[in-house]
Amino acid sequence: MRSLFPVTDLTTSTSEGGSPAGPPTDREWTLDELAEAYAYPAAPDRPAPVGAGGSVPSGGSWLRANMVSTLDGAAQHEGRSQPISCAADMRIFGTLRGLADVVIAGAETVRQEGYRPARAREAFAARRAAAGQGPAPAVAVVSASLELDFSLPLFTEPLVPTLVLTGAAAPADRIAAARKAGAEVVIAGDGAGVDPARAVRELADRGLRRQLTEGGPRLLGQFVAAGVLDELCLTISPMLTAGDAQRIAGGPGVAVPERFFLASLLEEAGFLFSRYRRTDS
């Protein structure tokens, strides 16, 4: 893996005389190096992590998304993201989970990708303890209908109780089923669906401020339209799929496109790992 941006001493190798000596060595980064590269902005009452920069917005939370896209814009192949991913992408996927308080996913993504509870990883234990975090992030499933299989390990065997985000008009029997399975039901909308901005606030109010969404495209589109996405971690896969696969974000468009700035760019085996942030962050 190589760092292409921002330009640092890791970006360009130098000779003994200080002149450029060619591209940096392409090697596998350690999990600690990835954790530093993808550190969340500092909370207002905590010093900034090395290399993080910025600050958590006044709302007290930071919502980042992690998605993958092919060269022709497909966010999945045959309904899943794994076929267009790679080992380095999965290391970053694990790192982002290891840094988050909560992982937010839409119900369809949970079903398609076969979500299981997030696990505690020794590699991130000390970092999480120092940040006052639990051993693993919670998983929050967004669903209006609550047509979920509450017998799955995601709900019955989590290290941290799974949350279900839904609207006030969700079916009462499904709310009861979720609670019976051990899930925490969070009402984040006045109707049947979830208000994206309210979902972010409800999670932050529960101390889940470092937020990570893994989509799918419809949920990410809702976060974008609501103007609550702070950061996008986007892997560009050097693959072409054609077909009619979804883009990384779907749903109604925004009135005015929102500009993000490039915060960092890594490369490995032709895959590009970009990180973009809001211009007002």
Side-chain angles (χ1 to χ4, degrees), residues 1-5 26 28-29 31 33-35 37-40 62-100 102-116 118-119 121 137 139-142 196 210-225 228-251 257-258 260-278:
M1 179 171 284
R2 303 179 298 157
S3 175
L4 303 181
F5 182 85
D26 194 354
E28 182 174 310
W29 283 25
L31 291 179
E33 287 175 310
L34 288 175
Y38 284 93
Y40 276 85
W62 185 269
L63 176 63
R64 67 168 31 145
N66 183 35
M67 303 293 285
V68 60
S69 171
T70 62
L71 296 176
D72 52 349
Q76 51 196 218
H77 181 63
E78 296 182 343
R80 301 181 64 238
S81 59
Q82 189 277 332
I84 61 174
S85 181
C86 67
D89 187 42
M90 294 311 297
R91 289 201 305 274
I92 292 174
F93 173 91
T95 298
L96 295 180
R97 282 193 164 203
L99 298 174
V102 61
V103 177
I104 311 167
E108 186 61 23
T109 295
V110 167
R111 287 188 285 262
Q112 291 280 353
E113 303 282 356
Y115 267 51
R116 297 184 61 83
R119 59 191 177 93
R121 298 183 62 184
V139 174
V141 183
V142 178
R210 301 172 185 88
Q211 301 172 3
L212 168 67
T213 180
E214 296 170 349
R218 183 168 63 175
L219 178 61
L220 179 56
Q222 291 171 349
F223 282 132
V224 170
V228 295
L229 185 70
D230 298 298
E231 180 178 321
L232 174 63
C233 299
L234 178 63
T235 296
I236 305 299
S237 171
M239 300 182 188
L240 295 168
T241 64
D244 56 359
Q246 298 182 80
R247 301 187 310 166
I248 65 167
E258 184 174 6
F260 278 51
F261 73 89
L262 181 64
S264 67
L265 182 65
L266 307 176
E267 184 273 339
E268 182 172 310
F271 283 79
L272 294 175
F273 308 98
S274 64
R275 189 164 56 93
Y276 288 87
R277 288 183 169 179
R278 296 168 63 107

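Hydrogens, waters and symmetry mates play no part in the numbers below; they use all other heavy atoms, side chains included.
For Ser81, the side chain to side chain donor-acceptor pair (under 3.5 Å) partners are Glu113, not counting sequence neighbours. Under the rule for a side-chain contact (heavy atoms from CB on, under 4.5 Å), the partners of Glu214 that lie at least two apart in sequence or sit in another chain are Phe93, Arg97, Val103, Tyr115, Leu212. The side chain to side chain donor-acceptor pair (under 3.5 Å) search around Glu268 returns Arg91, not counting sequence neighbours. Every residue meeting the side chain to side chain donor-acceptor pair (under 3.5 Å) condition with Glu108, not counting sequence neighbours, appears here in chain and number order: Arg111, Gln112. For Arg121, the side-chain contact (heavy atoms from CB on, under 4.5 Å) partners are Leu31, Arg119, Phe124, not counting sequence neighbours.
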N/O donor-acceptor pairs under 3.5 Å from side chains in residues 235-251, not counting sequence neighbours:
from: Thr235; atom 1: OG1; to: Asp89; atom 2: OD1; distance (Å): 2.7
from: Ser237; atom 1: OG; to: Ile84; atom 2: O; distance (Å): 2.9
from: Gln246; atom 1: NE2; to: Gln76; atom 2: OE1; distance (Å): 3.4

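Without hydrogens or angle criteria, Arg278 side chain to Leu229 main chain gives a donor-acceptor distance under 3.5 Å. Put simply, the side chain of Arg64 gets close to the backbone of Tyr38: a donor and an acceptor are under 3.5 Å apart. A donor-acceptor pair is defined here as one N or O able to donate and one able to accept, closer than 3.5 Å; such a pair exists between the side chain of Trp29 and the backbone of Met1.
Residue Ser274 is tested with Leu232, Leu265, Leu4 for a side chain to side chain contact (heavy atoms under 4.5 Å, CB included); the sole match is Leu265. Residue Arg2 is tested with Glu267, Glu33, Glu28 for a salt bridge (Lys or Arg N to Asp or Glu O under 4.0 Å); the sole match is Glu267.
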Candidate pair Ile104 and Gln211, rule side-chain contact (heavy atoms from CB on, under 4.5 Å), full reasoning: CA-CA 7 Å; Ile104 311 167; Gln211 301 172 3; 4.1 Å; yes
Worked check of side-chain contact (heavy atoms from CB on, under 4.5 Å) between Ile92 and Cys233: CA-CA 9 Å; Ile92 292 174; Cys233 299; 5.8 Å; no
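Here the side chains of Leu219 and Thr213 are in contact, with some heavy-atom distance below 4.5 Å.
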